[in-house]
Structures are given as structure tokens and as C-alpha cells.
Enquirer: 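Just passing along the structure, written as C-alpha cells.
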Amino acid sequence: MASKLRYPLPWRIKPCSPTNRSLLFDRSHLHLLLLLLLASLVLSSASQHAHEFCSIGDDSGCGSSSTKLLIKGGTVVNAHHKEVADVYVEDGIIASIGPNIVQVGDEVNIIDATGKYVMPGGIDPHTHLEMDFMETATIDDFFTGQAAALAGGTTMHIDFVIPINGDLSAGFESYVSKAKKSVMDYGFHMAITKWDEAVSKDMEVMVKEHGINSFKFFMAYKGALMINDELLLHGLERCKSLGALAMVHAENGDAVAEGQKRMIDLGITGPEGHALSRPPILEAEATARAIRLAGFVNTPLYVVHVMSIDAMEEIAKAKKSGQRVIGEPVVSGLVLDDSWLWHPDFTTAAKYVMSPPIRKAGHGEVLKAALSAGILQLVGTDHCTFNSTQKALGFDDFRKIPNGVNGIEERMHLIWDTMVETGLISVTDYVRITSTECARIFNIYPQKGAILEGSDADLIILNPNASFRVTSASHHSRSDTNVYEGRTGKGKVEVTISRGRVVWEDDTLKVTPGLGRYIKMKPFSYLFDGIEKADAAYLASLSAPVQRSRASS
């Protein structure tokens with residue numbers, strides 16, 4: 001199929017400088033220019049590249065701009081039920097679901113989904129777009145990252161706002177500006193990097209005015225984002241009072257810093273030193289500590305990117321005791337192992353550097369089993385991409401390699417292939433862990449995460465018999481590398497629908513910057529149900545204070 005590159009890719013098209021423009025009128029360069037243009041046209045017409053964009057609403061025949069959509073004959077899948085049915089969408093909302101819906105009025109875009117699954121679009125709970133980090137910034141912004149997401153069947157993500165010098169409001173305004181180019185719906189978590197009365201007050205503003213219902217605390221990255229136990233306790237208590245979910249990056253940052261020094265002293269400066277400096281025991285220790293502090297405060301806890309058996313076992317133990325702990329594995333931890341960090345080519349090895357590290361073979365299989373058993377609840381990506389040039393900043397010192405891998409485009413396909421195709425989970429479980437549970441945890445269900453009348457028409461059509469292949473040459477991220485390079489599998493998202501708009505079809509993206517919508521998320525999700533009753537029971541159990549009289553002299 002010939003390429004339909006109708007929407008300029010910002011990482012491909014760069015404006016000419018005044019000097020370069022003057023060359024266009026230099027006769028000595030005219031023949032060269034004509035030859036280059038001709039070569040470009042020939043290559044374009046022959047290209048099989050999947051970077052295919054066009055702009056909705058243009059006059060190029062890009063796609064239907066109809067506000068009515070009818071999906072016929074597919075198997076409609078929700079988290080707890082599936083049925084063969086039609087889905088009718090009008091003005092971005094699911095209007096009706098049922099068998100044999102007849103065409104409603106004129107100008108209805110009809111899609112035949114016979115033999116395929118119609119599911120809620122994926123919701124990625126963990127991304128970092130256009131984030132300043134480790135002396136650089138992630139390569140994907142709110143246009144390219146979201147475009148990649150849509151091509152992979154994800155229709156909403158929740159990104160982490162990083163405060164500016166600890167200032168929550170400044171950080172929020174910065175991310176609002178960054179997100180102006182967004183092409184799909186998104187929400188925000190907020191990181192907490194320091195503590196004072198202003199931060200405490202700003203947390204309330206974020207919850208009540210800006211629709212942020214989760215706050216993240218980094219127990220790692222000493223000297224940068226890391227917080228201590230005192231701050232974590234303050235944060236947990238404030239989250240509880242606001243009905244906001246506390247999230248933790250669980251690694252012992254002090255021990256990691258010592259582990260890094262140990263590796264450098266041993267002369268281990270390459271990417272393998274990253275994994276060796278922060279072993280699973282440090283992830284488990286921080287996970288256990290965060291769980292116990294959350295239990296002490298009696299507030300729900302969300303552990304991001306659970307990468308090891310050791311950390312998962314701490315979560316399993318807490319859940320068995322009745323504590324409300326959410327465990328979020330990420331795709332890289334489920335399907336990769338750390339052997340790549342020992343690859344002799346630095347560029348190859350460095351692209352796998354993330355924190356906590358990708359673990360040795362075996363951890364991923366146990367994490368998948370825990371996800372299947374419900375010990376872990378949902379799957380994110382921690383999409384935090386840097387290109388090979390940025391990763392090379394740490395060529396002589398693994399501590400300077402920007403931490404992060406891709407996954408926002410690959411998640412839905414890889415989870416289907418490794419979890420559904422292998423029989424670990426059902427089709428309804430797939431919807432639960434990729435969409436519905438995230439919507440419930442962050443209190444946006446059933447607006448998102450469901451195919452129900454009145455829900456947003458964020459939908460995908462997945463063909464279980466079609467195959468996919470992952471390559472950096474065909475992905476939509478700006479990164480020039482991909483940690484899943486060459487992986488193939490069954491189950492392909494053939495159509496993605498964002499609020500009733502067909503944005504991915506026939507391997508072509510149909511997106512327009514600025515059409516994305518910020519989704520406010522209300523506090524006090526289901527995880528807070530019964531918290532007050534438990535607090536009352538605790539107070540009643542104290543049998544204190546005891547009234548005593550002073551001893552007579």
C-alpha cells in the first residue's frame with residue numbers, strides 16, 4: 001500500500017533557515033533540487049512505512065467526519081460480559097447497543113466488525129510525555145505520544161505532572177500548556193517532591209479545582225525527586241483527607257545510591273551496572289515500607305511499575321490481610337528480561353535502562369501469573385522514551401543514562417498476545433486489566449472503560465486472527481529505538497475510535513492536534529469505601545485514654 005503521509009510529522013519536517021531558503025533560488029542548485037524532489041516522490045509512492053497520517057476534516061478524503069457511527073456484527077466485550085451485538089454512536093457517545101440495529105438516519109458511517117472483538121479503548125495509567133528528566137526531556141510529546149497510543153488501541157492515558165521547584169500549580173500550568181497539542185483524552189496524576197504548608201494547600205486545589213485525584217511519591221532518585229518517610233507520611237495523611245489515591249515509586253533510594261557507588265568502584269560503568277545497583281530486594285523493601293506506612297495511616301496505596309517477584313509478594317501479603325493495595329505491572333516487566341543490558345552494543349543495551357530495572361528471566365512469568373490471579377490489577381507502560389543520542393549521555397557512566405522505555409503503542413497488542421493467546425486470561429479479563437479497572441480506580445467509570453449507553457465512544461476493533469510486528473521503523477513514537485523490536489504476535493487492533501471519531505483504520509492515523517480533551521477525575525473512588533468505618537473501629541479498640549489519679553504524696 002502506498003504511503004498516505006498527509007499530515008506533516010513534526011520530527012520529519014523542519015522549516016528552512018533564511019540561508020537555506022536563498023539556496024532555492026540559486027541556479028547552481030536547481031538541478032540538484034529537482035533531482036532530490038523527484039527522488040523524494042518516488043520513495044514516497046513506494047514506501048511501505050506505517051507512519052501514515054492525515055488530518056480529519058481536510059479535503060483529501062482522509063476519512064468520514066460523520067457524527068454517527070454504526071459498528072455491525074462484532075462481539076462486544078466488557079469487563080464482565082460479552083455478546084454479539086451492534087453499537088450505535090452519535091456525537092461521540094454510545095447511544096445504543098443491541099442486535100441488528102438498523103441504520104439511523106442518513107450519513108452514518110458503518111463498520112463491519114463480524115468475527116472481531118469490539119472493546120473499550122485502552123487506558124494507560126502510567127506515562128511520561130514531554131517530561132524534563134536527567135538533564136534532558138522525554139522524546140515523545142502530547143502529539144506524538146498520543147498518536148502512538150491511538151495506533152496501538154489506547155484512547156486515554158494519565159500522565160504525571162512534575163512540579164516546578166516543588167510548586168504544584170506551576171507544574172500543572174506547564175503541563176496544561178504542553179497538552180494543547182493533544183489528540184486524545186488524557187488525565188493527570190501529580191508528583192509531590194517536597195513538603196510545606198503551600199504544598200498541602202495546593203494538593204486541595206488540585207483535587208477540588210483541577211480534577212487530580214492521585215499523588216505520586218518517589219522513594220528513589222536521591223537528590224532529585226526522592227522524598228523521605230516523614231514527607232511520605234504527611235503525604236499519605238493529606239491524600240486520605242482529600243480522597244486522593246497515594247502512589248509510590250518503590251525503591252530504597254539511599255540503598256540504590258550506595259549500590260551505584262559500589263558498581264562504579266568495581267569498574268562496572270555500562271548499562272548492566274544499572275540493574276546490578278538496584279536489585280529486587282531494594283524494590284521489595286520500599287514496597288513493604290510504603291505498604292506499612294499506608295496501613296498505619298489507613299489509606300489506599302497504588303504501587304506503580306511492580307517489576308519483581310519480591311515486590312509482588314509484599315503486595316500479595318498485604319492484600320491477603322485485607323489492606324487496599326493496587327499493584328501495577330508494566331509491559332516491559334511482563335515480557336522482557338534483563339539479558340539485554342549485557343548486550344555488547346551500548347545503544348542496544350542502553351535502550352533497556354529503566355527504573356526499577358527489567359529483571360532476570362522468570363520474574364515476568366510470575367508477574368503475569370499474579371496479574372491473572374488478581375494479585376496485580378491493571379497494566380501500564382511507564383512510557384518514558386529517550387532516543388539513542390540521549391541514552392548515549394551515559395556511555396561512560398550508567399548513572400547518566402536517562403531512565404525509560406517505550407510501550408504506549410505496544411501495550412494492547414503485547415498483552416493480548418502474551419496473556420489472552422496463551423490462555424492466562426479471558427477476553428473479558430483483558431478488557432478489565434487494560435481499561436475498566438483503571439477507569440474504576442481513578443473514578444471515571446463508566447464514562448470510560450465500558451461499552452454502555454451513555455459512555456464515551458472510545459472503542460477499538462481487534463481482529464484476533466490478524467498478526468502484528470513491532471519495529472522502530474514502523475512505530476509512531478519519535479524514538480529511533482524500540483525495546484520490543486522484532487516481536488510478532490496474534491491479535492491486531494484494526495480500528496481505533498476516539499469519542500466517536502475513527503482515528504486509526506487501514507494502518508492510517510487520522511488525527512488533529514488540539515482535539516484531545518482533559519478529563520477531570522473525582523476524589524473518593526471505590527477504594528475509599530468503608531475507610532471511615534475502619535477508622536471508627538480502630539478508635540474503639542484502643543480502650544484509651546485511661547483515666548488515672550495522681551499518686552498521693
Side-chain angles (χ1 to χ4, degrees), residues 1 4 50 52 56 61-122 150-155 412-417 419-423 425-432 434-436 446 449-469 488-510:
M1 180 177 68
K4 301 175 183 176
E52 298 181 354
I56 289 178
C62 169
S64 172
S65 60
S66 173
T67 61
K68 299 177 181 179
L69 177 67
L70 181 59
I71 304 171
K72 298 284 293 180
T75 299
V76 176
V77 186
N78 278 299
H80 304 291
H81 178 69
K82 64 177 182 177
E83 62 178 331
V84 176
D86 300 342
V87 179
Y88 175 62
V89 172
E90 191 165 334
D91 296 326
I93 302 296
I94 297 173
S96 59
I97 306 156
N100 303 315
I101 297 175
V102 297
Q103 182 170 330
V104 182
D106 299 325
E107 297 183 356
V108 178
N109 182 18
I110 299 176
I111 299 177
D112 184 5
T114 303
K116 303 172 186 179
Y117 292 111
V118 182
M119 296 186 264
L150 291 172
T154 288
T155 54
M412 299 291 282
H413 290 112
L414 291 174
I415 295 303
W416 179 274
D417 184 60
M419 299 290 289
V420 181
E421 283 293 320
T422 58
I425 61 173
S426 66
V427 178
T428 53
D429 284 336
Y430 174 80
V431 169
R432 176 178 55 81
T434 61
S435 183
T436 306
I451 303 180
L452 298 171
E453 291 183 10
S455 297
D456 286 351
D458 289 349
L459 306 165
I460 60 171
I461 299 175
L462 185 145
N463 185 345
N465 299 312
S467 299
F468 67 86
R469 184 169 187 267
T488 59
K490 292 288 292 295
K492 185 179 183 204
V493 176
E494 294 185 334
V495 179
T496 304
I497 298 160
S498 174
R499 297 205 331 265
R501 296 176 291 115
V502 177
V503 292
W504 172 253
E505 188 177 30
D506 298 327
D507 289 339
T508 302
L509 271 170
K510 309 167 185 179

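All values reported here derive from a predicted model rather than from experimental measurement. Starting from 1, each residue takes its place in the sequence as its number.
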Enquirer: With a 3.5 Å distance limit and no angle check, can you tell me whether Ser455 reaches the backbone of Glu453 through a side-chain donor-acceptor pair?
Expert: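 No, because the side chain of Ser455 does not come within donor-acceptor range (under 3.5 Å) of the backbone of Glu453.
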
Enquirer: Can you list everything that forms a side chain to side chain donor-acceptor pair (under 3.5 Å) with Ser426? Sequence neighbours excluded, please.
Expert: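 Testing Ser426 for side chain to side chain donor-acceptor pair (under 3.5 Å), a comparison that skips the adjacent residues, returns Thr428, Asp429.
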
Enquirer: With sequence neighbours left out, what residues match Asp417 under side chain to side chain donor-acceptor pair (under 3.5 Å)?
Expert: none

Enquirer: Do the non-hydrogen side-chain atoms of Val118 and Ile451 ever get within less than 4.5 Å of each other?
Expert: yes

Enquirer: Considering all heavy atoms of both residues, which atom of Gly500 and which atom of Val89 are nearest to each other, and what is their separation?
Expert: CA-CG1, 3.9 Å

Enquirer: Mind checking whether Ile497 and Val503 have side chains closer than 4.5 Å, heavy atoms only?
Expert: no

Enquirer: Report yes if some heavy atom in the side chain of Thr155 is under 4.5 Å from a heavy atom in the side chain of Thr496; otherwise report no.
Expert: yes

Enquirer: Kindly write out the residues that satisfy side chain to side chain donor-acceptor pair (under 3.5 Å) with Lys82, not counting sequence neighbours, or none if the list is empty.
Expert: none

Enquirer: Are side-chain heavy atoms of Asn109 and Leu70 found at a separation under 4.5 Å?
Expert: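 A side-chain contact under 4.5 Å is absent here.
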
Enquirer: Which distance, rounded to the nearest 0.5 Å, do you find between the NE2 of His413 and the OG1 of Thr154?
Expert: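 The distance works out to 9.5 Å.
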
Enquirer: Test salt bridge (Lys or Arg N to Asp or Glu O under 4.0 Å) on Lys72 and Asp86; report intermediate values, then the result.
Expert: CA-CA 5 Å; Lys72 298 284 293 180; Asp86 300 342; 2.8 Å; yes

Enquirer: State whether the side chain of Asp112 and the backbone N or O of Thr114 hold a donor-acceptor pair below 3.5 Å, judged by distance alone.
Expert: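 Yes.
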
Enquirer: Between Leu69 and Val108, does a side chain to side chain contact (heavy atoms under 4.5 Å, CB included) hold up when you go through it step by step?
Expert: CA-CA 5 Å; Leu69 177 67; Val108 178; 5.9 Å; no

Enquirer: Compile the donor-acceptor pairs under 3.5 Å between side chains in residues 460-468 and protein atoms, sequence neighbours left out, one pair per line.
Expert:
residue	atom	partner	partner atom	Å
Asn463	OD1	Asn465	N	2.9
Asn463	ND2	Glu494	OE2	3.1

Enquirer: Please list all pairs meeting ring pair (Phe, Tyr, Trp, His ring centres under 6.0 Å) that have one or both residues in residues 97-118, counting only residues at least two apart or in different chains.
Expert: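 Passing the test, one end in residues 97-118: Tyr117-Trp416.
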
Enquirer: Test your reading of the model: is there a side-chain donor-acceptor pair from Ser435 to the backbone of Val431, 3.5 Å cut-off?
Expert: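 No.
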
Enquirer: Just how far is it from atom OH of Tyr88 to atom CD1 of Ile110, taken to the nearest 0.5 Å?
Expert: 10.5 Å

Enquirer: Whether the side chain of Asp458 engages the backbone of Gly121 through a donor-acceptor N/O pair (distance < 3.5 Å, no angle test) should be reported.
Expert: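 Side chain of Asp458 to backbone of Gly121: no pair is present.
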
Enquirer: Is any side-chain heavy atom of Pro120 closer than 4.5 Å to a side-chain heavy atom of Leu459?
Expert: no

Enquirer: List the residues meeting salt bridge (Lys or Arg N to Asp or Glu O under 4.0 Å) with Glu505, not counting sequence neighbours, and say none if there are none.
Expert: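 Residues passing salt bridge (Lys or Arg N to Asp or Glu O under 4.0 Å) with Glu505: Lys510.
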
Enquirer: Taking it one step at a time, do Asp507 and Lys492 satisfy salt bridge (Lys or Arg N to Asp or Glu O under 4.0 Å)?
Expert: CA-CA 11 Å; Asp507 289 339; Lys492 185 179 183 204; 2.8 Å; yes

Enquirer: Tell me, do Arg432 and Tyr430 make a side-chain contact under 4.5 Å, heavy atoms counted?
Expert: no

Enquirer: Take Met412 and Thr434, measure what side chain to side chain contact (heavy atoms under 4.5 Å, CB included) needs, and give me the verdict at the end.
Expert: CA-CA 7 Å; Met412 299 291 282; Thr434 61; 3.7 Å; yes

